[in-house]
Protein chains: 2
Amino acid sequence: MATIADVARHAGVAPSTVSYALSGKRPISESARRRIDDSIRTLGYRPHAGARALASSKSNVVALMLPLRDDMHVPTLLQFATGVVTAARGHDHDVLLLTHDEGGDGISRVATGSMADALVVMDVEREDARIPVLRTLDRPCVLIGVAGDAGELTSVDLDFVAAGELAVDHLAELGHRHVGLVGQPPSVYSRRTGFADRFIEGFTAASQRHGARVAVRPCEFTYAGVATAVEALLAELPELTALVVHNEHAAPMLLETLSSMGRKVPDDISIVSMCTDDVAERMRVPLTSIAIPAAEIGSRAVDMVMNKLHGREAPGLTLLPPRLARRDSTAAPTGR
Amino acid sequence: MATIADVARHAGVAPSTVSYALSGKRPISESARRRIDDSIRTLGYRPHAGARALASSKSNVVALMLPLRDDMHVPTLLQFATGVVTAARGHDHDVLLLTHDEGGDGISRVATGSMADALVVMDVEREDARIPVLRTLDRPCVLIGVAGDAGELTSVDLDFVAAGELAVDHLAELGHRHVGLVGQPPSVYSRRTGFADRFIEGFTAASQRHGARVAVRPCEFTYAGVATAVEALLAELPELTALVVHNEHAAPMLLETLSSMGRKVPDDISIVSMCTDDVAERMRVPLTSIAIPAAEIGSRAVDMVMNKLHGREAPGLTLLPPRLARRDSTAAPTGR
DNA sequence: TTGAAAGCGCTAACAT
DNA sequence: ATGTTAGCGCTTTCAA
């Protein structure tokens, strides 16, 4: 393996000149630069990451801590990760993957051990044991999601309150006055991750504004769970003409359940679904949907953490606005 | 940040003694060890990863290169990743995440730059541009999947040939003689990733052995695609009584399609599905299935690459045996 | 059982 | 515009 000294010798310059040529931190003459580039190429030189980290106290690595729970929507999770990796590479950083269950220990191992010089942490809960750890760190971090007691920790997320409102606004504009919400599994609410509650908050607020009557039910990822939720909603709101689904797994099951109950979408029941566009488009009835811009959130998180790394100020909380894509599952309610 | 020198001073020993206490590479007196442990704790000392990598030429990092294509089954992908991360932590390694599209450059950056001292690469295709790169590396790597020209590169995978056979064996034992295969999307076959072809290979071989008549159709992840595939299979094999589905996304759609065609599962048509157990269990009719043991494959890959790292020999190709879980979607064909 | 000291390969003052 | 050099924090020989 060639070292910077080999390159310097080969190019007839000092090691520092090679270093500066690489970093661009000081001007290099055209001729020197050419010789250096050549030498690098012919020797197949790559800087040793560890040596570099030691000398510069920068690892050029950002740690990404992901939940690998089975009540999460995995494709969305991977979109976050993709956004993070892509943005990180754009900032010339690599990504170290940590799992949620490594907890605060994992975070401090990676941070204190100088493996990573910045952190992106997903799915932080209220009262999360990792928050105190994150606070004591000398390294910048950004949370994806809105932690209850995040204090001045920086975070990015979709504006789930606005998403809940947007769903109801759309339905209300179409004339719906009785709307049910098929929610996340109970475990998600009891974890108090926040996003699910925030969605309900927006949903409820908008309903009141529109004078619509609403009901809310959590929902498991099973046909039985979906059927139970739908029945409960109908029992509570017999005149229900629209459903909002905040549950990516349940959406296809919901469509099937409604069809087996003889309710047509959107003729009898309109549906607005929180899900990725490709899921919405693949459904038997393409769903009007609000997507979680997961890749964008991931890359924003990295941009923000890089800003902090470079001493620039980053906003405390960034909420991305939701966008609704109108498809075939929503229509005006038919007169009764 | 405390250094090893700080710890040594605080404990009244030489830095090297601290180092040896940490690595266990030479005996340390009980008293010294106790003092060192204390000092480490009170100073909150963590070895600097870069310094360690520089001095020892070991990064204690394994790179994981994942495909982030949208024709893959994402939950399965994440299970691979989880298996890799868990096993890596068990070997005291961290995981650096690379995406497929970084290609050979990404691999050599990470390897030649000494960021990672071992690599796990998923979803290598026949004629993959990364294989020559992998070959020239001084670092051990293990492929997940079976590359066509992998030569003496080490790889692990499910034995997809055996899986294809197992599916047919099960159906043949029940008495089925006319079996259709609903396959992966065409793009998967044209990429020649191998696993899909190997499944067909086993499927076909077993069918011949049992004297069963078969037909095969690729299948997109859409209702239209599923309907087309099913119709084509029925046209080719009018007496069809069983389907094998090698397509996790299509499985739920298939069930719905059959039901809308008035064909009952398993009374009219039996189904064996390649999919994770929780998907199989959540279906309206719980599916008899063969799971890809993704987490296990991931952790085996890491175990193997660690073996190589320690100079131990690793097998060229490891194929894990498939296991079939009998559920409610298969039964003997009803007499006609 | 322990210490002293020479690097590992790079960066960044400090010189010129 | 470029060279010299002193570390960065650790591991590991060599010596005791």
Side-chain angles (χ1 to χ4, degrees), chain A residues 1-37 39-40 43-61 92 109-117 138-139, chain B residues 1-37 39-40 43-61 92 94 109-117 138:
Chain A
M1 217 85 302
T3 73
I4 201 172
D6 298 329
V7 174
R9 203 172 309 122
H10 188 274
V13 297
S16 60
T17 305
V18 178
S19 175
Y20 285 117
L22 249 29
S23 68
K25 287 188 182 171
R26 80 183 187 190
I28 302 287
S29 70
E30 195 39 58
S31 80
R33 159 151 280 135
R34 239 201 358 272
R35 270 148 44 226
I36 291 174
D37 284 352
S39 305
I40 288 179
L43 297 180
Y45 167 73
R46 299 265 189 182
H48 185 290
R52 195 168 242 194
L54 178 56
S56 66
S57 35
K58 287 188 213 319
S59 63
N60 275 45
V61 166
D92 192 33
R109 176 168 53 80
V110 151
T112 316
S114 302
M115 307 214 67
D117 34 40
D138 53 333
R139 284 161 160 70
Chain B
M1 218 85 303
T3 72
I4 201 172
D6 298 328
V7 174
R9 205 171 311 123
H10 188 274
V13 298
S16 58
T17 305
V18 177
S19 176
Y20 284 117
L22 248 29
S23 69
K25 288 188 181 170
R26 84 181 183 191
I28 303 287
S29 69
E30 195 39 57
S31 80
R33 159 151 280 135
R34 237 198 1 269
R35 269 150 43 225
I36 291 173
D37 284 352
S39 305
I40 288 180
L43 298 180
Y45 168 72
R46 299 266 189 181
H48 184 290
R52 195 168 242 193
L54 178 56
S56 66
S57 33
K58 286 189 213 322
S59 63
N60 274 46
V61 166
D92 192 33
D94 271 288
R109 175 168 53 80
V110 152
T112 315
S114 302
M115 306 214 65
D117 33 41
D138 54 332

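Residue numbers start from 1 in every chain, and the chains themselves are labelled A, B, ... in the order their sequence lines are given, proteins ahead of strands. Computed from a predicted structure; not experimentally measured.
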Exercise for review: Spell out, as yes or no, whether a donor-acceptor pair under 3.5 Å connects the side chain of B:Asp94 to the backbone of B:Val61.
Suggested key: no
Check your understanding: Looking for any heavy atom pair under 4.0 Å, which part of the strands does A:Gly113 touch: base, sugar-phosphate only, or nothing?
Key -> nothing
Review point. What string of B, S and - do you get for nucleotides 9-16 of chain C 5' to 3' if you count protein non-hydrogen atoms under 4.0 Å?
Key: BBSBBB--
Listed pairs under 3.5 Å, donor-acceptor, residues 12-29 of chain A side chains, sequence neighbours left out:
unit_1  : atom_1 : unit_2  : atom_2 : d
A:Ser23 : OG     : A:Ser19 : O      : 3.3
A:Ser23 : OG     : A:Lys25 : N      : 3.2
A:Ser29 : OG     : A:Ala32 : N      : 3.2

Review point. Does A:Met115 offer a backbone N or O that forms a donor-acceptor pair with the side chain of A:Ser59 under 3.5 Å?
Key: yes
Exercise for review: Write out all pairs satisfying salt bridge (charged side-chain N to carboxylate O under 4.0 Å, His left out) with one or both partners inside residues 46-58 of chain A, taking only residues at least two apart or from two chains.
Suggested key: none
Check your understanding: To the nearest 0.5 Å, how far apart are CG in B:Leu43 and CD1 in B:Ile4?
Key -> 12.0 Å
Review point. Does the A:Asp92 side chain pair with the main chain of A:Asn60, one donor and one acceptor, at a distance under 3.5 Å?
Key: no
Check your understanding: What pairs meet the salt bridge (charged side-chain N to carboxylate O under 4.0 Å, His left out) rule with one or both residues in residues 13-22 of chain B, with sequence neighbours excluded?
Key -> none
Check your understanding: NA contact type, A:Ala53, heavy-atom cut-off 4.0 Å: base, sugar-phosphate, or nothing?
Key -> nothing
Revision key, fill the gap. Students should find that the nucleotides of DNA chain D closing off the region near chain B, any atom under 4.0 angstrom from a heavy atom, are D:dG9 to D:dC14
Point to revise | Contact list for residues 6-22 of chain B, test salt bridge (charged side-chain N to carboxylate O under 4.0 Å, His left out), sequence neighbours left out | key: B:Asp6-B:Arg9
